[in-house]
Amino acid sequence: MEDIDLKELKQHEKSHENYIKQIKVLDDRMDHLAPYEIAKMQYLYTGAERQAWAIAAWHRKKQRYYEGMAEIAQGQEYKEMREQGKTGTDGQYLSRISKGEMLVKASSHEGDYISWRGVAQTYERACNSLKDILKSIEVQGG
């Protein structure tokens with residue numbers, strides 16, 4: 001059975017891809033679009049932005065999860081080392097290995113979070129550009 005969390009991510013990614021495909025069709029004809037089509041493109045970018053933020057949030061949630069698990073793993077490992085008779089210093093250093101393993105997982109999600117956040121912000125700027133295009137068309141009487 002597929003992880004529910006991963007299934008949620010896949011749904012957002014698929015929805016994002018669908019928005020991008022529709023945007024590309026319009027973008028290929030950018031110089032010949034009617035104002036309605038430009039507004040539709042703006043709407044599609046808004047949808048893509050929403051999905052990009054959802055994907056970014058998914059990665060942020062995973063990043064925070066692994067950071068929390070790192071703290072738990074470190075504490076559990078330290079406790080186990082102390083119960084085995086290791087010194088506090090030994091336990092402290094050995095427990096950092098468990099923490100580090102979880103932080104490595106967290107860091108991959110942090111990178112994806114930052115990337116998707118950037119994608120979402122790019123879509124926001126694209127929407128603003130389309131607004132400007134629509135305004136210029138209106139000023140030109142078209």
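Residues take their numbers from the sequence shown, with the count starting at 1. The structure presented is a predicted model; accordingly, all values stated were derived computationally and were not measured.
Between Gln42 and Cys127, the shortest heavy-atom contact is O-SG, 3.4 Å. Taking each heavy atom of Gln74 and Arg96 in turn, the nearest pair found is NE2-CG, 3.7 Å. Counting all heavy atoms, side chain and backbone alike, Asp90 lies closest to Lys86 at CB-CB, 4.0 Å.
When hydrophobic clusters are built by joining Ile, Leu, Val, Met, Phe, Trp and Tyr residues whose side-chain heavy atoms come closer than 4.5 Å, directly or via intermediates, Leu44 is grouped together with Leu33. Two different hydrophobic clusters hold Ile97 and Met102 under the rule that ILVMFWY side chains link at heavy-atom gaps under 4.5 Å. Both Ile23 and Val119 sit in one connected hydrophobic cluster of ILVMFWY residues. Membership requires side-chain heavy atoms under 4.5 Å apart, directly or through other members. Trp53 and Tyr43 fall into different hydrophobic clusters, where Ile, Leu, Val, Met, Phe, Trp and Tyr are joined by side-chain heavy atoms under 4.5 Å apart, directly or via other members. Under the 4.5 Å side-chain contact rule for hydrophobic residues, Tyr113 and Met69 do not share a cluster.
Side-chain rings of His12 and Trp116 stay apart, their centers remaining 6.0 Å or farther from each other.
Contact annotation: the side chain of Ile137 approaches that of Ile38 to within less than 4.5 Å [non-hydrogen atoms, C-beta and beyond]. Looking at Lys105 and Glu101, their side chains never come closer than 4.5 Å, going by heavy atoms from C-beta outward. With a 4.5 Å cut-off on side-chain heavy atoms, Leu130 and Met30 count as touching. With a 4.5 Å cut-off on side-chain heavy atoms, Asp5 and Lys61 count as touching.
Remark: Lys62 qualifies as a cation-pi partner of Tyr65 under the 6.0 Å distance and 45° angle criteria applied to the six-membered ring.
For the atom pair CD (Glu80) and OG (Ser98), the distance works out to 8.5 Å, reported to the nearest 0.5 Å. Here CG of Leu6 is found 5.5 Å from CH2 of Trp58. Values are rounded to the nearest 0.5 Å. Annotation: the span from Tyr66 atom OH to Ile72 atom CD1 amounts to 12.5 Å, rounded to 0.5 Å. The distance from atom CD of Glu8 to atom CD of Glu13, rounded to the nearest 0.5 Å, is 11.0 Å. The CD atom of Glu17 sits 12.5 Å away from the CD atom of Gln22 when rounded to the nearest 0.5 Å. Summarising the geometry, atom CD1 belonging to Ile133 is positioned 8.0 Å from atom CE belonging to Met41; distances are rounded to the nearest 0.5 Å.
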Checklist entry - Between Arg82 and Lys79, does a side chain to side chain contact (heavy atoms under 4.5 Å, CB included) hold up when you go through it step by step? => result CA-CA 5 Å; Arg82 294 295 286 153; Lys79 181 180 173 188; 5.9 Å; no

Next on the checklist: The test is side chain to side chain contact (heavy atoms under 4.5 Å, CB included); show your working for His16 and Tyr123 and say whether it passes.
Outcome noted: CA-CA 11 Å; His16 177 262; Tyr123 294 154; 2.7 Å; yes

Item to check | Residues Tyr45, Glu124; criterion side chain to side chain contact (heavy atoms under 4.5 Å, CB included); working and verdict | outcome: CA-CA 7 Å; Tyr45 268 115; Glu124 180 182 5; over 6 Å; no

Checklist entry - Does the side chain to side chain contact (heavy atoms under 4.5 Å, CB included) test come out yes or no for His59 and Ile114, once each step is laid out? => result CA-CA 9 Å; His59 285 290; Ile114 291 168; over 6 Å; no

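A donor-acceptor distance shorter than 3.5 angstrom exists from the side chain of Thr122 to the backbone of Gly118, with no hydrogens or angles considered.
With no hydrogens or angles considered, a side-chain donor-acceptor pair links Gln63 and Glu67 at under 3.5 Å.
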